[in-house]
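Quantities reported herein were computed from a predicted structural model and do not represent experimental measurements.
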Amino acid sequence: RQIMIKTTCPLCYKQMVEHTKSQIEKCLWTFVREARNPVAYARINSRTCPECEKKMLDHNPSQVNECVNQFILDVESLEI
């Protein structure tokens, strides 16, 4: 029996399992781009981290990489 991981999209706030493959690619790519360059995107939107639920702007570079990498692993494990 497989455990269903509840992973909320940090962009549209739907569950990732409700996304199509193309929606996953779009949302994941946008989140990673914004998370890894927070200064450039801070004015657009202050995202909440889907892993630790803190604001992405409150992360240091190491925390950003850790949370982004874990989020990617979580999404890949959904088997959509």
Side-chain angles (χ1 to χ4, degrees):
R1 183 182 154 149
Q2 189 174 3
I3 297 172
M4 179 66 76
I5 297 173
K6 294 269 187 191
T7 304
T8 303
C9 177
L11 301 177
C12 65
Y13 306 106
K14 287 196 242 173
Q15 293 298 316
M16 292 302 286
V17 295
E18 297 173 10
H19 283 56
T20 63
K21 282 191 183 273
S22 64
Q23 287 173 316
I24 287 174
E25 288 176 17
K26 180 183 175 192
C27 288
L28 193 57
W29 186 84
T30 301
F31 171 69
V32 170
R33 184 185 68 216
E34 290 181 13
R36 293 211 165 126
N37 195 357
V39 175
Y41 294 99
R43 288 183 41 229
I44 297 170
N45 224 334
S46 179
R47 301 265 183 232
T48 300
C49 178
E51 293 299 318
C52 67
E53 299 180 1
K54 289 195 259 180
K55 292 288 183 193
M56 290 304 296
L57 291 173
D58 293 338
H59 287 60
N60 64 39
S62 172
Q63 291 168 322
V64 166
N65 284 330
E66 184 179 332
C67 287
V68 166
N69 290 339
Q70 185 59 53
F71 182 65
I72 292 169
L73 289 172
D74 289 351
V75 170
E76 287 175 346
S77 73
L78 293 174
E79 297 178 11
I80 296 173

- Message: Tell me whether Thr30 contacts the main-chain N or O of Cys27 through its side chain, where contact means a donor paired with an acceptor under 3.5 Å.
- Response: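 Not a single qualifying donor-acceptor pair exists.
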
- Measure the shortest side-chain to side-chain distance between Cys12 and His19 over non-hydrogen atoms and say whether it is less than 4.5 angstrom.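 Yes, at least one pair of side-chain atoms sits under 4.5 Å.
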
- So do the side chains of Thr48 and Lys55 get within less than 4.5 Å of each other, counting heavy atoms only?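 Yes, close enough: below the 4.5 Å cut-off.
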
Check [X] against [Y] and note the closest heavy-atom contact, atom names and distance.
X: Val64; Y: Ala35; result: CG1-O, 3.3 Å
X: Phe71; Y: Glu51; result: CA-OE2, 3.2 Å
X: Gln63; Y: Asp58; result: OE1-O, 3.9 Å
X: Cys67; Y: His59; result: SG-NE2, 3.6 Å
X: Met16; Y: Cys9; result: SD-CB, 3.4 Å

- Query: What distance separates Glu18 CD from Thr8 OG1, expressed to the nearest 0.5 Å?
  - Reply: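 Answer rounded to 0.5 Å: 9.0 Å.
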
- Check whether Ile72 and Phe31 end up in the same hydrophobic cluster, where Ile, Leu, Val, Met, Phe, Trp and Tyr are linked by side-chain heavy atoms less than 4.5 Å apart.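 Result: yes, single cluster for both.
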
- Item | CA sep, side-chain torsions, deciding dist, call: Lys26, Leu11, side chain to side chain contact (heavy atoms under 4.5 Å, CB included) | CA-CA 10 Å; Lys26 180 183 175 192; Leu11 301 177; over 6 Å; no

- CD/Glu66: more than 12 non-hydrogen atoms of other groups inside 6.0 Å: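 Atom CD in Glu66 is not crowded, with 12 or fewer foreign heavy atoms closer than 6.0 Å.
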
- Residue pair Thr7 / Gln15, side-chain donor-acceptor N/O under 3.5 Å: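 Side chains of Thr7 and Gln15: no pair found under 3.5 Å.
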
- Query: Could you go step by step and tell me if Arg47 and Glu34 meet the side chain to side chain contact (heavy atoms under 4.5 Å, CB included) rule?
  - Reply: CA-CA 9 Å; Arg47 301 265 183 232; Glu34 290 181 13; 2.8 Å; yes

